[in-house]
Amino acid sequence: IAAQAKKRIDEHGGITDIVAKAPKKAVPTFPPPFRGVMADLVEKTLKASHKPQPQLSTLAALVGMAAAINGEYSTASGGRFNLYGMGVAESGTGKDKPRVMAEQVAVMGNAGILGKPGSGPGLEDAIESRRNQLVTIDEVAHLLKSVNDEKAPAHLRDIGATLLMLFSASANTYNRRVLVKSTVQQTLKTVPNPCVSLLCFSTPESIGDALTDSNCTDGLLGRLLLVPGDPEVTWRRPKCDLEMPSSVTEAVAEFKEIDPLAFAGGIQGIGSIIVQEDEGIGELLDKL
């Protein structure tokens, strides 16, 4: 094998020429951000980043905006706006600023920010009726490994199942587990319209090692909006910190006038505010 490899290298003029002639791997591109608030968020994030990642920043803006919408709002079909997203990029290539931006946007929408869940029951206990919440995880591969490990403790393996149920339960209700011999009475066993969004990150190697066939068959992978980062991003020195664009603060102020109770944390949980589709959007979605 070594002799054949040396022969091929010699035939092509050396290893340097082979590498130079090799086609560059194309990086899949994410659609550009929508004009207005979303585009402004991405622009501000890129300006404040040591390693600007347009794809990951667009994903973070999308998930952050989704997490800013509570369970009072729904589509005409009853669906809510919570979203799961995963950014995949090499270590040290600029994943932090997009995460921070998503959290700041979610907080402006009165969302609760949750870190890496330590157990399925712990995540379940944190959800509230119609309250919008954002779970952010810097390195999700370690969590997925525990979820997929049959030898891992049950409370860790339950995290995947809880995330699966929460994704779909936003359109209806989430039924809490029944506690055995509990001295604490559960005041709310059924949670209407929990609105949990997820933004997580991983390196390609880690996520490739952690994922299994079961993550495809159980539906977890299908619920994640996967976005690759740019592996060849160059470092630079940003001249400003991350700040919210004026278009974002103005939009939040408008919504506070429309729905002050929701932004004050006093979600009533009665009825739904139906978000109508603009003319032509339905046709585009059907085509998609």
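The structure presented is a predicted model; accordingly, all values stated were derived computationally and were not measured. As a basis for the values below, the full set of heavy atoms in this structure was taken, side chains included, without hydrogen atoms, waters or symmetry mates.
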A.B. asks: Starting at CG of Asp96, measure out to CD of Gln53 and round the result to the nearest 0.5 Å.
C.D. replies: 12.5 Å
A.B. asks: Is any side-chain heavy atom of Thr173 closer than 4.5 Å to one of Asn193?
C.D. replies: no
A.B. asks: Testing the 3.5 Å rule here: is there a donor-acceptor pair between the side chains of Asn175 and Thr190?
C.D. replies: yes
A.B. asks: Does the Ser168 side chain pair with the main chain of Met165, one donor and one acceptor, at a distance under 3.5 Å?
C.D. replies: no
A.B. asks: To the nearest 0.5 Å, tell me how far Leu198 CG sits from Met86 CE.
C.D. replies: 8.0 Å
A.B. asks: Would you list the pairs meeting side-chain hydrogen bond (donor to acceptor under 3.5 Å, both in side chains) in which at least one residue belongs to residues 274-288, sequence neighbours left out?
C.D. replies: none
A.B. asks: Would you say that Val135 contacts Pro117 through its side chain, given a criterion of any heavy-atom pair below 4.5 Å between the two side chains?
C.D. replies: yes
A.B. asks: Looking only at the side chains, is there a donor atom on one of Asn215 and Asn148 sitting less than 3.5 Å from an acceptor on the other?
C.D. replies: yes
A.B. asks: Are Asp149 and Lys145 close enough that some pair of their side-chain heavy atoms sits under 4.5 Å apart?
C.D. replies: no
A.B. asks: Can you find a side-chain donor-acceptor pair between Gln133 and Ser197 that sits under 3.5 Å?
C.D. replies: no
A.B. asks: With a 4.5 Å cut-off on side-chain heavy atoms, are Leu123 and Leu166 touching?
C.D. replies: yes
A.B. asks: Ile69 vs Asn132, test: side chain to side chain contact (heavy atoms under 4.5 Å, CB included). Steps then yes/no.
C.D. replies: CA-CA 6 Å; Ile69 307 172; Asn132 42 322; over 6 Å; no
A.B. asks: Would you call Val227 and Val88 a side-chain contact if the rule is heavy atoms closer than 4.5 Å?
C.D. replies: no
A.B. asks: Looking at every heavy atom in both Leu221 and Cys216, which two are closest together, and how far apart are they?
C.D. replies: CD2-SG, 3.6 Å
A.B. asks: Between side-chain atoms of residues 30-48 and protein atoms elsewhere (two or more places apart, or another chain), which donor-acceptor pairs fall under 3.5 Å?
C.D. replies:
from, atom 1, to, atom 2, distance (Å)
Asp40, OD2, Ser247, OG, 2.6
Lys44, NZ, Glu243, OE2, 3.1
Thr45, OG1, Leu41, O, 2.8

A.B. asks: Can you confirm whether the side chains of Ser206 and Thr203 place a donor and an acceptor under 3.5 Å from each other?
C.D. replies: yes
A.B. asks: Can you check side chain to side chain contact (heavy atoms under 4.5 Å, CB included) on Arg131 and Cys195, steps first, answer last?
C.D. replies: CA-CA 6 Å; Arg131 176 74 188 277; Cys195 221; over 6 Å; no
A.B. asks: Measure centre to centre between the rings of Phe167 and Tyr84, then say whether the value is under 6.0 Å.
C.D. replies: yes
A.B. asks: Find the distance between CG (Leu156) and CG (Leu143) and round it off to the nearest 0.5 Å.
C.D. replies: 8.0 Å
A.B. asks: Just by modelled atom types, is the Pro54 backbone N or O under 3.5 Å from a matching donor or acceptor in the Thr58 side chain?
C.D. replies: yes
A.B. asks: Check whether any side-chain heavy atom of Glu139 lies under 4.5 Å from a side-chain heavy atom of Ser202, and answer yes or no.
C.D. replies: yes
A.B. asks: Give, for atom OG of Ser77 and atom CD1 of Ile274, the distance between the pair rounded to the nearest 0.5 Å.
C.D. replies: 9.0 Å
A.B. asks: Quick check: closest heavy atoms across Leu83 and Ala66, and the distance to 0.1 Å?
C.D. replies: CB-CB, 3.8 Å
A.B. asks: Show the nearest heavy-atom pair for residues Ala171 and Gly79, with the distance to one decimal.
C.D. replies: CB-CA, 4.3 Å
A.B. asks: Is the shortest side-chain N to carboxylate O distance from Arg99 to Asp138 below 4.0 Å?
C.D. replies: yes
A.B. asks: Let me confirm one number: the CE-OG distance from Met101 to Ser57, rounded to the nearest 0.5 Å.
C.D. replies: 5.5 Å
A.B. asks: Mind listing the closest non-hydrogen atom pair of Pro228 and Leu56 along with its distance?
C.D. replies: C-CD2, 4.3 Å
A.B. asks: Using a strict threshold of under 4.0 Å (side-chain N to carboxylate O), is an ion pair present between Lys51 and Asp230?
C.D. replies: no
A.B. asks: Could you walk me through whether Thr136 and Phe201 satisfy the side chain to side chain contact (heavy atoms under 4.5 Å, CB included) test, starting with their C-alpha distance in whole Å, then the side-chain angles of each, then the deciding distance to 0.1 Å, before giving a yes or no?
C.D. replies: CA-CA 9 Å; Thr136 57; Phe201 297 94; over 6 Å; no
A.B. asks: So which heavy atom on Pro52 is nearest to which on Val233, and how close?
C.D. replies: O-CG2, 3.2 Å
A.B. asks: When rounded to the nearest 0.5 angstrom, what distance separates CG in Leu288 from CG in Leu284?
C.D. replies: 8.5 Å
A.B. asks: Scan side-chain atoms only and decide if Arg130 and Asn70 contain a donor-acceptor pair under the 3.5 Å cut-off.
C.D. replies: no
A.B. asks: Can you check side chain to side chain contact (heavy atoms under 4.5 Å, CB included) on Glu128 and Val191, steps first, answer last?
C.D. replies: CA-CA 7 Å; Glu128 301 175 40; Val191 185; 5.8 Å; no
A.B. asks: Check Gly85 against Leu59 and note the closest heavy-atom contact, atom names and distance.
C.D. replies: CA-CD1, 4.1 Å
A.B. asks: Return yes if a side-chain donor-acceptor contact under 3.5 Å exists between Ser170 and Asn82, otherwise no.
C.D. replies: yes
A.B. asks: Is there a side-chain contact between Tyr174 and Ile127 (heavy atoms, below 4.5 Å)?
C.D. replies: yes
A.B. asks: Determine yes or no for a side-chain-to-main-chain donor-acceptor pair under 3.5 angstrom, with Arg157 supplying the side chain and His155 the backbone.
C.D. replies: no
